[in-house]
Amino acid sequence: MARDVQITFDCADPAKLAAFWAEALGYRVQGPPEGFDSWEQALTAMGVPPERHNDASAVVDPEGSGPRLFFQRVPEPKRAKNRLHLDVRAAPGLTGEARMAALEAAADRLVALGATRGDRHEPAPPLAAGHIVMADPEGNEFCVD
């Protein structure tokens, strides 16, 4: 039986990183529990002190098909290269220069949202279609693929 997965990011600023990934993926920040107009209102009602209101955040696929991304505050900074990363699929079905142009446009949009651009890897058929290495606002690596 297949299982649903959630992808969890350790980070310093869950709200900021959730906002970035919501925009990057076309997701939305997960709303507060039923009966509350905001997370601030819900967390206050739950007795969570204000200084802990940004301890976690999540984004969800508005169509319900993609995995939930969860962001949790941790005290330590990122120290090394990711052993796992996301590929943001920005050019499905495209090849060659059309693919790379679509990847460049996606990379430019993500940089405007706060990402950092890394190396561009050119297509090298038959196995490598080309991609651009990026990092989110907290330095987590991902690829525009």
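By convention here, the first residue in the shown sequence is residue 1. All heavy atoms count here, side chains included; hydrogens, waters and symmetry mates do not.
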### Task
Could you grab the distance from atom CG of Leu86 to atom CG of Asn140, nearest 0.5 Å is fine?
9.0 Å
### Message
Quick check for you: to the nearest 0.5 Å, what is the distance between Asp136 atom CG and Leu113 atom CG?
### Response
11.5 Å
### Message
Tell me whether the count of non-hydrogen atoms from other residues, nucleotides or ligands lying under 6.0 Å of CZ in Arg52 goes above 12.
### Response
no
### Task
For Phe9, enumerate each residue passing the ring pair (Phe, Tyr, Trp, His ring centres under 6.0 Å) test, keeping only those at least two apart in sequence or located in another chain.
Trp21, Phe71
### Query
Quick one: which of Leu110, Asp87, Val133 gives a side chain to side chain contact (heavy atoms under 4.5 Å, CB included) with Phe142?
Leu110
### Task
Find out whether Glu138 and Lys16 are in side-chain contact, i.e. whether some heavy atom of one side chain is under 4.5 Å from a heavy atom of the other.
no
### Task
Considering only NZ, NE, NH1 and NH2 on the basic side and carboxylate oxygens on the acidic side, decide whether Arg99 and Glu122 come within less than 4.0 Å.
no
### Message
Within this structure, what is the CE-NE2 distance for the pair Met100 and His121, rounded to the nearest 0.5 Å?
### Response
9.5 Å
### Message
Counting neighbours of CD on Glu51 that are heavy atoms of other residues, nucleotides or ligands and sit closer than 6.0 Å, is the number greater than 12?
### Response
yes
### Query
Does some side-chain heavy atom of Ser57 sit less than 4.5 Å from a side-chain heavy atom of Leu17?
no
### Summary
Contacts of His53 meeting ring pair (Phe, Tyr, Trp, His ring centres under 6.0 Å) (sequence neighbours excluded), chain-then-number -> none
### Query
With a 3.5 Å cut-off and no angle check, do the side chains of Gln72 and Asp55 form a donor-acceptor pair?
no
### Query
Looking at residues at least two apart in the chain, or sitting in another chain, which of them share a side chain to side chain donor-acceptor pair (under 3.5 Å) with Asp4?
none
### Message
Please check: side-chain N/O of Asn54 versus main-chain N/O of Ala15, any donor-acceptor pairing under 3.5 Å?
### Response
yes
### Message
Quick test of your reading of the model: are Glu141 and Lys78 salt-bridged, counting only N-O distances below 4.0 Å?
### Response
yes
### Task
Step by step, work out the side chain to side chain contact (heavy atoms under 4.5 Å, CB included) result for His85 and Cys143.
CA-CA 8 Å; His85 69 266; Cys143 291; 3.7 Å; yes
### Summary
Rounding to 0.5 Å, atoms CE (Met134) and CG (Leu103) come to a distance of 10.5 Å
### Query
At what distance, to the nearest 0.5 angstrom, does OG of Ser38 lie from CG of Leu43?
8.0 Å
### Message
For a quick test of reading the model, state the closest non-hydrogen atom pair linking Ser65 to Asp61 and the distance between them.
### Response
OG-OD2, 2.9 Å
### Task
Locate the shortest heavy-atom distance separating Gly130 from Asp145; write the atom from each residue and the value.
O-OD1, 3.9 Å
### All side chain to side chain donor-acceptor pair (under 3.5 Å) counterparts of Arg68, not counting sequence neighbours
Gln6, Gln30
### Query
So, the side chain of Tyr27 versus the backbone of Pro67: is there a donor-acceptor pair under 3.5 Å, distance only?
yes
### Side-chain hydrophobic cluster, 4.5 Å single linkage: members besides Leu84
none
### Query
If you group Ile, Leu, Val, Met, Phe, Trp and Tyr by side-chain heavy-atom gaps below 4.5 Å, do Phe70 and Ile7 land in one group?
no
### Query
Is any side-chain heavy atom of Pro32 less than 4.5 Å from a side-chain heavy atom of Gln41?
no
### Query
Between Leu69 and Leu25, is a side chain to side chain contact (heavy atoms under 4.5 Å, CB included) present by the stated rule, with each step listed?
CA-CA 11 Å; Leu69 305 183; Leu25 299 176; 3.6 Å; yes
### Test side chain to side chain donor-acceptor pair (under 3.5 Å) applied to Glu40 - qualifying residues, sequence neighbours left out
none
### Query
Measuring from Glu104:CD to Ile132:CD1, what's the distance to the nearest 0.5 Å?
4.0 Å
